[in-house]
A.B. asks: 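One structure is given below, represented as structure tokens, and several questions about it will come after.
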4 protein chains.
Amino acid sequence: MENECNHEHQAQKQRRGRGLSPAKTAETQTRIVKAAFQLFISGGFEGTRMIDVAQQAGLGKGTLYRYYPTKEALFEGVLVQALGSTVQTLQNPNLEPTGSIEEILRQAIRPFMADLQKSHKADLLRLIITEGPRFPSLVAVYQRVVLEPVLSAIQTLAKQAKARGEIKSEALIEYPMLMLSPGLLSIIWNGLFLDRQLQPEALFDAFIELIFVQS
Amino acid sequence: MENECNHEHQAQKQRRGRGLSPAKTAETQTRIVKAAFQLFISGGFEGTRMIDVAQQAGLGKGTLYRYYPTKEALFEGVLVQALGSTVQTLQNPNLEPTGSIEEILRQAIRPFMADLQKSHKADLLRLIITEGPRFPSLVAVYQRVVLEPVLSAIQTLAKQAKARGEIKSEALIEYPMLMLSPGLLSIIWNGLFLDRQLQPEALFDAFIELIFVQS
Amino acid sequence: MENECNHEHQAQKQRRGRGLSPAKTAETQTRIVKAAFQLFISGGFEGTRMIDVAQQAGLGKGTLYRYYPTKEALFEGVLVQALGSTVQTLQNPNLEPTGSIEEILRQAIRPFMADLQKSHKADLLRLIITEGPRFPSLVAVYQRVVLEPVLSAIQTLAKQAKARGEIKSEALIEYPMLMLSPGLLSIIWNGLFLDRQLQPEALFDAFIELIFVQS
Amino acid sequence: MENECNHEHQAQKQRRGRGLSPAKTAETQTRIVKAAFQLFISGGFEGTRMIDVAQQAGLGKGTLYRYYPTKEALFEGVLVQALGSTVQTLQNPNLEPTGSIEEILRQAIRPFMADLQKSHKADLLRLIITEGPRFPSLVAVYQRVVLEPVLSAIQTLAKQAKARGEIKSEALIEYPMLMLSPGLLSIIWNGLFLDRQLQPEALFDAFIELIFVQS
DNA sequence: GATGAATGAGGTTTCATTCAT
DNA sequence: GATGAATGAAACCTCATTCAT
């Protein structure tokens with residue numbers, strides 16, 4: 001009753017106070033990352049000004065630079081942070097070996113597709129795609145911690161499917177990334193054609209159907 | 001103060017036309033577009049300076065501005081021009097109705113895939129993807145003159161395939177863009193992972209195989 | 001919340017005084033001055049950051065500002081302090097009236113020259129020379145407490161020398177600062193040409209020799 | 001009578017025009033160097049803002065950067081230019097071998113001393129002294145093109161004087177820079193004690209008198 | 001017609017200083 | 001008393017754009 005949401009108010013209201021606080025640091029960090037991610041998403045790297053990030057986070061410019069020494073560092077920091085949650089998602093293998101490979105694929109990948117939109121993974125990916133050439137190290141990290149594991153898993157499944165005869169072609173063994181192409185397509189598509197969005201799950205379902213629903 | 005040398009711009013070249021030497025102009029245009037395209041490809045919109053375009057084209061900055069009044073205009077002009085050749089490619093339907101849909105698809109789309117790399121269509125697409133949000137009108141043009149016709153054609157083929165029983169699923173009818181996802185994947189992939197390039201045709205072949213080579 | 005420990009600042013040390021532990025304070029002062037002097041020497045006024053001074057002194061920025069309210073105050077405080085030891089050195093007149101003026105000059109000034117390097121007087125002088133225009137009050141103090149007394153003493157000696165016939169010229173009476181020029185030269189020289197240092201004493205000796213070893 | 005100082009007016013009046021001119025470039029260059037030198041003299045390197053230089057020169061910031069890509073480059077450029085005139089002065093040896101070494105020294109060095117003030121050589125020297133540590137390359141140039149030749153010449157004269165018996169001491173042979181110390185003293189002195197300026201020539205005369213007028 | 005010198009808004013970054021804890 | 005997170009004025013530098021020649 002008294003003022004339980006006291007600090008929340010302050011965060012919103014752009015507190016002019018400059019005091020220190022033992023745990024405020026973490027909150028400031030969070031505010032920065034959140035603001036920066038949002039702005040980088042909509043404006044890209046070049047299109048985002050440091051002062052906008054600061055204002056969006058309710059901070060002064062200088063504060064930003066206490067946490068990230070350059071705009072590049074901010075960008076990388078934000079993306080690496082965002083990448084962390086992606087990796088966490090991936091670490092829920094959740095692969096029940098019961099059922100056909102088709103089932104397993106659906107179970108394993110579809111949730112990720114569905115998650116692309118709800119979480120900001122699609123935005124993250126779009127950012128990496130768009131700004132990748134400027135941040136090769138970021139791309140390398142992404143490749144190592146996200147892409148390679150996923151491709152390996154898909155390849156393994158593809159081999160099983162081939163072994164079990166559920167798939168005739170070896171194409172998926174050689175090009176496991178094909179399985180991700182519907183997701184990629186939806187990300188790019190939705191980034192360009194704002195008035196005609198595609199559901200990644202729907203696209204993925206269609207893709208699976210195309211592959212398996214034959215005979 | 002007086003204006004007696006009104007026709008001074010004619011003096012340079014042939015007397016006939018009133019405009020600036022049309023041949024020279026066209027060549028300069030070409031040089032600009034070529035230089036700008038190349039630079040936009042490697043540096044993106046923000047990363048390309050007008051003076052670099054001018055120098056690359058062997059011109060002065062002022063001259064560049066005679067042809068394109070702003071950097072935006074230059075970018076759009078360049079992309080629209082590049083788009084033109086894409087459209088030309090598309091207008092060779094070349095669809096021989098003989099053979100299975102699979103054959104037709106291969107015949108129709110695979111050359112385009114193979115062409116992605118050789119011509120600079122992949123680069124063009126990457127540019128549109130990257131800078132699209134900043135140039136919505138460009139995206140609209142691309143959608144209208146390239147994407148829609150292609151998707152329509154694919155859809156038509158997909159309907160035929162379904163009708164003929166060559167494909168069981170209706171997925172491709174609803175989501176014809178799926179047929180383009182291997183190409184898109186290779187474009188994005190090659191833009192990010194410079195040390196492990198994917199051949200669009202190979203990816204497309206694998207995709208077709210995955211769909212059709214069943215049981 | 002409660003305030004019963006109003007005297008908490010006493011608790012740290014002896015009960016008697018009310019002020020902040022005087023010993024601690026003095027030590028902190030010393031640390032600050034030492035750190036700041038060192039940094040001002042190598043970086044000049046503009047080139048020295050307050051945070052570096054604080055860190056070098058093992059303090060927080062805020063603490064630094066408790067002792068010196070501005071960077072200017074710190075600079076002046078440091079230099080005035082350093083000036084103090086110079087003055088002390090000067091107050092050992094040590095002028096034994098026995099022997100020639102040449103002897104007395106050597107005895108009186110040479111130790112000071114030799115001291116220039118060992119102590120940081122050369123650095124101090126260089127700082128005053130370099131930053132003087134920004135701190136006129138400092139220069140005035142230096143002029144009053146160091147320069148004038150020294151010049152007076154030299155002048156007195158020069159008059160004696162003239163009276164005794166040890167020097168023919170009256171130049172040194174009118175321009176007593178000439179006697180300091182070898183020291184100044186070495187300070188400036190050593191500040192510029194780090195790889196070819198000059199010993200102030202050697203230069204001073206040469207100067208004296210030049211003046212007196214004639215006939 | 002008509003308007004002979006026509007262009008001078010424009011220079012003063014901060015011409016807003018942006019036009020190009022084949023020879024205006026040199027004038028702009030001159031304006032920049034002049035303005036920058038003046039400001040660097042009074043404010044030092046750190047104390048001079050690029051925008052002030054631009055305004056003082058009647059130019060926009062950007063124009064400054066067309067001519068000098070960084071503040072450091074501007075500083076070095078200005079000093080090197082100023083150094084040029086110093087070197088020119090030195091190249092009038094003007095040493096008439098008639099008369100005593102004392103005469104020659106007076107003839108050779110005194111004009112330079114007298115020139116220190118009138119031209120801006122004293123200011124130049126003060127700048128080099130003050131900012132030297134930040135611009136070692138500049139110091140090296142100065143050492144090579146100005147200092148070494150001068151010291152060599154002095155040394156040669158000192159040897160002659162010794163050989164002729166005009167000087168008993170070898171001090172000047174080993175430390176030829178002593179001959180410059182009165183000049184240096186006056187430069188430093190005048191920079192610090194604005195209300196009690198010393199004439200370099202007077203100081204130099206006194207110095208010479210001290211050395212030669214003996215017995 | 002072509003040119004490039006000139007411009008200045010706008011962006012990044014630094015750092016002296018404050019003050020809540 | 002001490003601390004360092006927060007602040008924002010101010011400095012450097014870039015580059016799209018203009019226009020006199």
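Naming convention: chains lettered A, B, ... in sequence-line order (proteins, then strands); numbering from 1 in each chain. If you're wondering where the values come from, they're calculated on a predicted model, not measured in any experiment.
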A.B. asks: Within residues 42-60 of chain C, which residues have any heavy atom lying less than 4.0 Å from an atom of DNA chain E?
C.D. replies: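 Heavy-atom cutoff 4.0 Å gives C:Thr48, C:Arg49, C:Met50.
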A.B. asks: Please identify each residue that fulfils side-chain contact (heavy atoms from CB on, under 4.5 Å) with D:Ala54, with sequence neighbours left out.
C.D. replies: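 Once residues adjacent in sequence are excluded, the partners of D:Ala54 under the side-chain contact (heavy atoms from CB on, under 4.5 Å) criterion are D:Leu64.
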A.B. asks: Can you tell me the distance, in whole Å, between the CG atom of D:Leu64 and the P atom of F:dC12?
C.D. replies: 10 Å
A.B. asks: For DNA chain E, which residues in residues 68-76 of chain C have a heavy atom at a distance below 4.0 Å?
C.D. replies: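 Contacting residues: C:Thr70, C:Lys71.
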A.B. asks: For C:Thr63, give me all partners under side-chain contact (heavy atoms from CB on, under 4.5 Å), at least two apart in sequence or on another chain.
C.D. replies: C:Leu59, C:Tyr67
A.B. asks: Between C:Gly62 and B:Gly62, which is nearer to the 5' end of DNA chain E once each is assigned its nearest nucleotide?
C.D. replies: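 It is B:Gly62 whose nearest nucleotide is closer to the 5' end.
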A.B. asks: For a quick test of your reading: what N or O donor-acceptor pairs under 3.5 Å do the side chains of residues 73-81 of chain A make, sequence neighbours left out?
C.D. replies:
none

A.B. asks: Take the protein atom CZ of A:Arg66 and the nucleotide atom P of F:dT3, then report the distance between them rounded to whole Å.
C.D. replies: 14 Å
A.B. asks: Ignoring backbone atoms, test whether C:Tyr65 places a side-chain nitrogen or oxygen under 4.0 Å from the OP1 or OP2 oxygen of F:dT3.
C.D. replies: no
A.B. asks: Do any pairs count as a salt bridge (Lys or Arg N to Asp or Glu O under 4.0 Å) and have a residue in residues 46-63 of chain C, sequence neighbours left out, and if so which ones?
C.D. replies: C:Glu46-C:Arg134, C:Arg49-C:Asp52
A.B. asks: Bend across the helix from E:dA2-F:dT21 to E:dT21-F:dA2, to 10°, with axes taken over 5 pairs at each end?
C.D. replies: 0°
A.B. asks: For B:Ala35 and B:Val53, work out which heavy atoms get closest and say how close.
C.D. replies: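 Here B:Ala35 and B:Val53 meet closest at CB-O, 3.9 Å.
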A.B. asks: Give a yes or no on whether the backbone of B:Leu39 and the side-chain of B:Thr48 come within a donor-acceptor separation of less than 3.5 Å.
C.D. replies: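 Checked: pair present.
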A.B. asks: Can a donor-acceptor pair under 3.5 Å be found between the side-chain atoms of B:Lys61 and the base atoms of F:dT17?
C.D. replies: yes
A.B. asks: Output all residues satisfying side chain to side chain donor-acceptor pair (under 3.5 Å) with A:Gln29, sequence neighbours left out; order by chain, then residue number.
C.D. replies: A:Tyr68
A.B. asks: For B:Arg31, check salt bridge (Lys or Arg N to Asp or Glu O under 4.0 Å) against everything at least two apart and list the hits.
C.D. replies: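 Expected list: B:Glu27.
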A.B. asks: Respond yes when some side-chain nitrogen or oxygen of D:Thr28 is under 4.0 Å from OP1 or OP2 of E:dA6, and no when none is.
C.D. replies: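 Answer yes for this pair, as a side-chain N or O of D:Thr28 is under 4.0 Å from OP1 or OP2.
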A.B. asks: Could you pull out the closest heavy-atom pair between C:Glu72 and C:Phe45, with the gap in Å?
C.D. replies: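 Here C:Glu72 and C:Phe45 meet closest at OE2-CZ, 3.6 Å.
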A.B. asks: Listed by chain and number, what are the side-chain contact (heavy atoms from CB on, under 4.5 Å) partners of B:Ile129, not counting sequence neighbours?
C.D. replies: A:Ile188, A:Leu192, B:Leu184, B:Ile188
A.B. asks: For F:dT7, does either OP1 or OP2 sit under 4.0 Å from a side-chain N or O belonging to A:Thr63?
C.D. replies: yes
A.B. asks: Between A:Phe37 and A:Leu124, is a side-chain contact (heavy atoms from CB on, under 4.5 Å) present by the stated rule, with each step listed?
C.D. replies: CA-CA 9 Å; A:Phe37 188 58; A:Leu124 171 62; 4.2 Å; yes
